Amino acid sequence: MSERALRGSRLGATSYETDRDIELAPRQVVGYACPKGHAFEVPFSAEADEVPVVWECRVCGNVALRADNPEQDDKRGKPARTHWDMLMERRTREELEEILEERLAVLRAGGIPGHPATRKSA
């Protein structure tokens with residue numbers, strides 16, 4: 001009898017399950033507002049610790065801010081240290097100028113013997 005029930009039913013193409021009597025995981029719905037006036041909502045898990053402050057607008061692709069608390073993004077952290085900042089923590093400008101002059105003198109005198117960058121091509 002089961003063979004008759006499945007005859008002509010395109011197996012794999014259609015699901016016969018329904019959402020009836022299924023309890024979904026708890027969710028929280030967060031609203032976002034785009035600078036161009038678009039508003040939309042995104043569902044997140046109720047257990048989500050950090051809900052993003054910004055989200056890409058579904059209509060135009062701009063950055064949309066949370067509608068309930070857009071000021072939350074104003075927290076500014078410490079700026080990233082650059083290579084130059086770390087170098088200046090270890091050396092003074094005078095020391096760096098002295099090292100530069102030494103290295104330029106070596107390069108002007110023919111470079112570093114055996115170094116691949118200073119080999120003369122034949």
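Just so it is clear, the structure is predicted and the values come from calculations on it, not from any experiment. Just the heavy atoms: all of them, side chains too, but no hydrogens, waters or symmetry mates, feed the values below.
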Next item on the list: Report, as yes or no, whether the 6.0 Å neighbourhood of atom CD on Glu47 holds more than 12 heavy atoms from other residues, nucleotides or ligands.
Entry: no
Note to self: Ignoring hydrogens, what is the shortest heavy-atom contact between Met86 and Arg81? Give both atom names and the distance.
What the structure shows: CG-NH2, 2.9 Å
Notebook entry, point to check: Nearest 0.5 Å, what's the CZ-CD distance between Phe40 and Glu56?
Noted result: 8.5 Å
Next item on the list: Given side-chain contact (heavy atoms from CB on, under 4.5 Å), test Cys57 with Lys36 step by step and report yes or no.
Entry: CA-CA 10 Å; Cys57 178; Lys36 291 189 176 182; over 6 Å; no
Please table the atom pairs, donor to acceptor, closer than 3.5 Å between any side-chain atom in residues 21-35 and protein atoms at least two apart or in another chain.
unit_1: Gln28; atom_1: NE2; unit_2: Ser45; atom_2: O; d: 3.1
unit_1: Tyr32; atom_1: OH; unit_2: Pro52; atom_2: O; d: 2.6

Notebook entry, point to check: Using a side-chain heavy atom cutoff under 4.5 Å and only I, L, V, M, F, W and Y, what cluster partners does Leu96 have?
Noted result: Trp84, Leu87, Met88
Next item on the list: Could you go through the side-chain contact (heavy atoms from CB on, under 4.5 Å) check for Asn62 and His38 one step at a time?
Entry: CA-CA 10 Å; Asn62 281 337; His38 307 124; over 6 Å; no
